Amino acid sequence: MQDQRLTSITRCLVAGALFAAGTSHLHGQAVYGSLYGTVTDATGAAVPNATVTVTDTQKGTTQTVATSASGSWTADHLVPDTYTVKIEAASFSSSTSQPLDIHADTSQKVDVALNAAGSTQTVNVTTEAPALKTDRADVSEILDERSISNLPNFDRNFTSFLLLTPGVQHSSFNIAGPENPQGGLALNTNGSNYGEQGFILDGTDNRDPVLGIIVINPTLDSIGETKVTTQNYDAELGGAAGGIVSVSTKSGSNTLHGDAFFFRHSDAFYARNPFNQYQPDPVTGRTVPGEVYGQFGGSLGGPIKRDRSFFFLDYQGLRNRLGSSLIQNVPTNTVRTTCVNATAGTCDLSEYTNQVLYNPVTKAPYGAPGQIPVAALNPQALNLLKLLPAPNTTGQGTNNNYVSSGNGILNSDQADIRLDQQVGTSLHTFGRYDYALFRLLGVPVFGAAGGNGFGLGGTTGTTTTQNQSATLGFDYPVKPTLLTDVRLGFLSYHVSENKYPGLTSATALGIPNLNTLPDTQGAPSFSFNQGTISSLGNQSCNCPLTQSEQVFQVTNNWTKLLGNHAIKAGADLRYAKNGRDASDYN
């Protein structure tokens, strides 16, 4: 057991960047996107002081900027959504663009040549990626709301979509089972090590600082879009040597919208495993253990006050009765008869060894190869072996001679809520809170003797995992040429994992001073050479385990416009509290 608490500021980043001359647009940011362009007349001369009005078609909110002396303009801090751009100038006809989809951390260019007064004009802007991206250096893929909603996903696990990005692969190492019940996949980006990927949710940290896993695996209903950056991400993101996975949650609109869903599948359509499901279970009579997967939930979003205040909330529940079959090694019938249940005579271990066995104290041989007097056997070991069942497979050799099926439980509830508020025409604020609760149970294959189990990932015991995340942010133009945005983030990961209740205690086996605390119930773990008998007492988990981690974050960015140039600087401060008490070797 170890007790470790780390309280430290883990990051303080200050980064600035100069953009190339001849452009006045800003890079998109972790939460926001941007529009930029140049307004000219029919001869190509710049049109200064033109009014550019950017309107969110779903929310009705607007942002107004003016063109510079060179005709350039920028509309920054745009929440990912669909927008139109209207440009007006004296002596010219107004011009309106078609709807444009704006993504977080991206920029969309809209150049317009105004016609003389008296004509109407609609600007067509392509949303397809250009052959050569000139506004930024990152290598990334964007999954929008439509893609996430329509692409098939068997268990609605968001992290499965990340494998669609070139350069992203499964990691050879994975945190699975009760410590990762949210099911976040372990990934490598362009050959980086496990745990070096960054996960961001609405612009704040979403990665466990110790295990490196995603903490809030967002529900598909709550995702507005996802950007996976594999190279050259902005300094604002940082905090990772691999890729960056940035998720933006949905916000409400002026129209009420929602959905409900229910998915279910069971063992009725599962195929038998020919290696461990070739004979019916002696208790249930089933070859395939019973399993039911039921996932349900829904979402609702809409206006609180039209054109000003919006809400979005969703819920997802899971009720999963896991079913699995295990192949184990147990003492043969010969050993059970001559050793485990015998009170005198000779214990016959010839099925396991053809070597002569010796008294470890006197060094004298016990007798024929594989033979040992019953009186010389360790009573504590015999007490444990008596808890094991007899072989039940057709071969009944020394290996893989016991097959059993059973069930575990994985139940979860996850919900989130987001509120957006437009204050006047300048200040935009938003807040989002996510909560996820997981309850797991795994029954051990050997009952009171423990062993591997039928829970998530072959584990046993009981686990409660609680994950939380919250983000509060606002953006504000201090001046037409000076903009700022602030985000406050909170992240919490807590797991409590314990052994299966009702296990035979070490004290009952004749081993004192091990069951000294309520969490240290049951027998310790026993392993045997050459795998002749499966590990006993082992719970296939870090039991008992209590792990609690919290991250507090403040992020502030400032952008200054200087003619056709922009300077951006900011800071990212994080304070982490990590505590882990684990019995990694049971």
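Because the structure is a prediction, the values reported are computed rather than measured.
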Response to the item:
CD of Gln98 to OG1 of Thr82, rounded to nearest 0.5 Å, is 12.5 Å
Worksheet item: Hey, are the side chains of Leu35 and Val85 touching, using non-hydrogen atoms and a 4.5 Å cut-off?
Response: yes
Worksheet item: Do Asn411 and Asn320 have side-chain N/O donor and acceptor atoms under 3.5 Å apart?
Response: no
Worksheet item: Is there a donor in the side chain of Asp81 and an acceptor in the side chain of Thr57, or the other way round, less than 3.5 Å apart?
Response: no
Worksheet item: Any ring pair (Phe, Tyr, Trp, His ring centres under 6.0 Å) pairs touching residues 157-188, not counting sequence neighbours?
Response: Phe173-Tyr194
Worksheet item: Does Lys250 pair with Glu145 as a salt bridge, N-O distance under 4.0 Å?
Response: yes
Worksheet entry | NZ/NE/NH1/NH2 to OD/OE distance under 4.0 Å, Glu497 and Arg439 | no
Worksheet entry | Other residues, nucleotides, ligands: >12 heavy atoms within 6.0 Å of Phe262 CZ | yes
Discussion item. Under a 4.0 Å threshold between the charged nitrogen and the carboxylate oxygen, would Lys568 count as salt-bridged to Glu236?
Written reply: yes
Discussion item. Working note: Trp558 + Leu482, criterion side chain to side chain contact (heavy atoms under 4.5 Å, CB included); need CA distance, chi angles, decisive distance, verdict.
Written reply: CA-CA 7 Å; Trp558 291 82; Leu482 181 63; 3.9 Å; yes
Worksheet item: Between the side chains of Gln466 and Tyr435, does any donor sit under 3.5 Å from an acceptor?
Response: yes
Item to complete: Kindly give the heavy-atom pair with the smallest separation between Glu549 and Pro209, and that separation in Å.
Response: OE1-CD, 3.0 Å
Worksheet item: Side chains of Thr219 and Asp221: is there a donor and an acceptor less than 3.5 Å apart?
Response: no
Worksheet entry | Minimum heavy-atom distance between Ser492 and Val215, given as atom pair plus value | O-CG1, 3.8 Å
Item to complete: Would you kindly say whether Asn254 and Asp307 are connected by a side-chain donor-acceptor distance under 3.5 Å?
Response: yes
Practice prompt. Would you please test Arg580 and Glu179 for salt bridge (charged side-chain N to carboxylate O under 4.0 Å, His left out) and show each step?
Written response: CA-CA 12 Å; Arg580 178 179 171 92; Glu179 294 181 56; 3.2 Å; yes
Worksheet item: So Gln63 and Thr61, side-chain hydrogen bond (donor to acceptor under 3.5 Å, both in side chains) or not? Walk me through it.
Response: CA-CA 7 Å; Gln63 181 180 147; Thr61 57; over 6 Å; no
Worksheet item: Would you say the side chains of Thr189 and Ser192 form a donor-acceptor pair under 3.5 Å?
Response: no
Worksheet item: Judged by modelled atom types alone, do Asp76 and Tyr32 share a side-chain donor-acceptor pair under 3.5 Å?
Response: no
Response to the item:
Tightest non-hydrogen contact, residues Ser299 and Phe312, listed as CB-CZ, 3.7 Å
Worksheet item: Where the side chain of Asp208 meets the backbone of Leu211, is there a donor-acceptor pair that is under 3.5 Å apart?
Response: yes
Discussion item. If we count only N and O atoms by modelled type, under 3.5 Å, do the side chains of Arg432 and Ser251 hold a donor and an acceptor together?
Written reply: no
Fill in: From CH2 (Trp73) to OG1 (Thr38), nearest 0.5 Å
9.0 Å
Worksheet item: Nearest heavy-atom pair of Val54 and Ala75: which atoms, and what distance?
Response: CG2-CB, 3.7 Å
Item to complete: To the nearest 0.5 angstrom, please state how far the CG atom of Leu483 sits from the CG atom of Leu561.
Response: 6.0 Å
Fill in: Whether Asp144 side chain and Ile148 backbone form a donor-acceptor pair below 3.5 Å
no
Worksheet item: About how many Å separate CG of Leu151 and CG of Asn153, when rounded to the nearest 0.5 Å?
Response: 8.5 Å
Worksheet item: Backbone N or O of Asn217 within a donor-acceptor pair of the Gln414 side chain at under 3.5 Å?
Response: yes
Discussion item. Testing the basics here: between Arg487 and Asp202, what is the closest heavy-atom pair and its distance to 0.1 Å?
Written reply: CD-O, 3.7 Å
Fill in: Gln182 side chain vs Ile214 backbone, donor-acceptor pair below 3.5 Å
yes
Discussion item. Go through it in stages, so that I can follow the logic: the residues are Val495 and Leu545, the test is side chain to side chain contact (heavy atoms under 4.5 Å, CB included), and I'd like the CA-CA distance, side-chain angles, deciding distance and then a yes or no.
Written reply: CA-CA 7 Å; Val495 56; Leu545 166 68; 4.2 Å; yes
Practice prompt. Could you tell me the separation between the OG1 atom of Thr229 and the CG atom of Asp105, rounded to the nearest 0.5 Å?
Written response: 6.0 Å
Worksheet entry | Donor-acceptor contact below 3.5 Å, side chain Ser253 vs main chain Thr255 | yes
Worksheet entry | Validation row, ring centre Phe154 to ring centre His265 under 6.0 Å | yes
Worksheet item: Could you go step by step and tell me if Leu100 and Val110 meet the side chain to side chain contact (heavy atoms under 4.5 Å, CB included) rule?
Response: CA-CA 10 Å; Leu100 304 169; Val110 181; 3.6 Å; yes
Discussion item. Could you check whether any side-chain N or O of Thr230 sits under 3.5 Å from a backbone N or O of Val139, counting only pairs where one atom can act as donor and the other as acceptor?
Written reply: yes
Practice prompt. Decide, yes or no, whether a salt bridge links Glu225 with Lys227 under the criterion of side-chain N to carboxylate O below 4.0 Å.
Written response: no
Discussion item. Donor-acceptor pair, distance only, cut-off 3.5 Å: does the side chain of Thr67 make one with the backbone of Val47?
Written reply: yes
Worksheet item: Any side-chain donor-acceptor pair under 3.5 Å between Gln468 and Tyr433?
Response: yes
Practice prompt. Kindly determine whether Ser107 and Ser34 satisfy side-chain hydrogen bond (donor to acceptor under 3.5 Å, both in side chains), including the steps that lead there.
Written response: CA-CA 5 Å; Ser107 303; Ser34 63; 3.0 Å; yes
Worksheet entry | Distance-only side-chain donor-acceptor flag, Ser93 / Asn115, under 3.5 Å | no
Discussion item. Under a plain distance cut-off of 3.5 Å, with no hydrogens placed, do Ser548 and Gln550 share a side-chain donor-acceptor pair?
Written reply: no
Practice prompt. Answer yes or no for Arg418 and Phe430: cation-pi contact, defined as NZ/CZ to six-membered ring centre under 6.0 Å and angle to ring axis within 45°.
Written response: yes
Discussion item. Determine whether a donor-acceptor pair (N or O, by modelled atom type, separation under 3.5 Å) exists between the side chain of Asn556 and the backbone of Asp485.
Written reply: yes
Discussion item. Testing the 3.5 Å rule here: is there a donor-acceptor pair between the side chains of Thr471 and Thr204?
Written reply: yes
Discussion item. Quick one, Phe92 and Val39 - any side-chain contact, counting heavy atoms below 4.5 Å?
Written reply: no
Worksheet item: Looking just at side-chain N and O atoms, do Ser222 and Thr249 make a donor-acceptor pair shorter than 3.5 Å?
Response: no
Worksheet entry | Test of ring centre spacing under 6.0 Å for Phe261 and Phe263 | yes
Worksheet item: Any idea which heavy atoms bring Ile216 and Ala436 closest together, and the distance?
Response: CD1-CB, 4.4 Å
Worksheet, complete the sentence: Sorted by chain and number, sequence neighbours left out, side chain to side chain contact (heavy atoms under 4.5 Å, CB included) with Leu456 holds for Leu322, Leu410, Leu440
Discussion item. Side chain to side chain contact (heavy atoms under 4.5 Å, CB included) for Leu185 and Ser160? Distances and angles first, verdict last.
Written reply: CA-CA 7 Å; Leu185 299 183; Ser160 300; 4.1 Å; yes
Fill in: Sole residue of Ile87, Thr40, Val52 in side chain to side chain contact (heavy atoms under 4.5 Å, CB included) with Val112
Ile87
Worksheet item: Under 3.5 Å, is there a donor-acceptor pair between the Lys560 and Thr481 side chains?
Response: yes
Discussion item. Donor-acceptor check, side chain of Gln422 to backbone of Asp420, threshold 3.5 angstrom: yes or no?
Written reply: no
Worksheet item: Short question: side chain of Ser412, backbone of Phe438 - any donor-acceptor pair under 3.5 Å?
Response: no
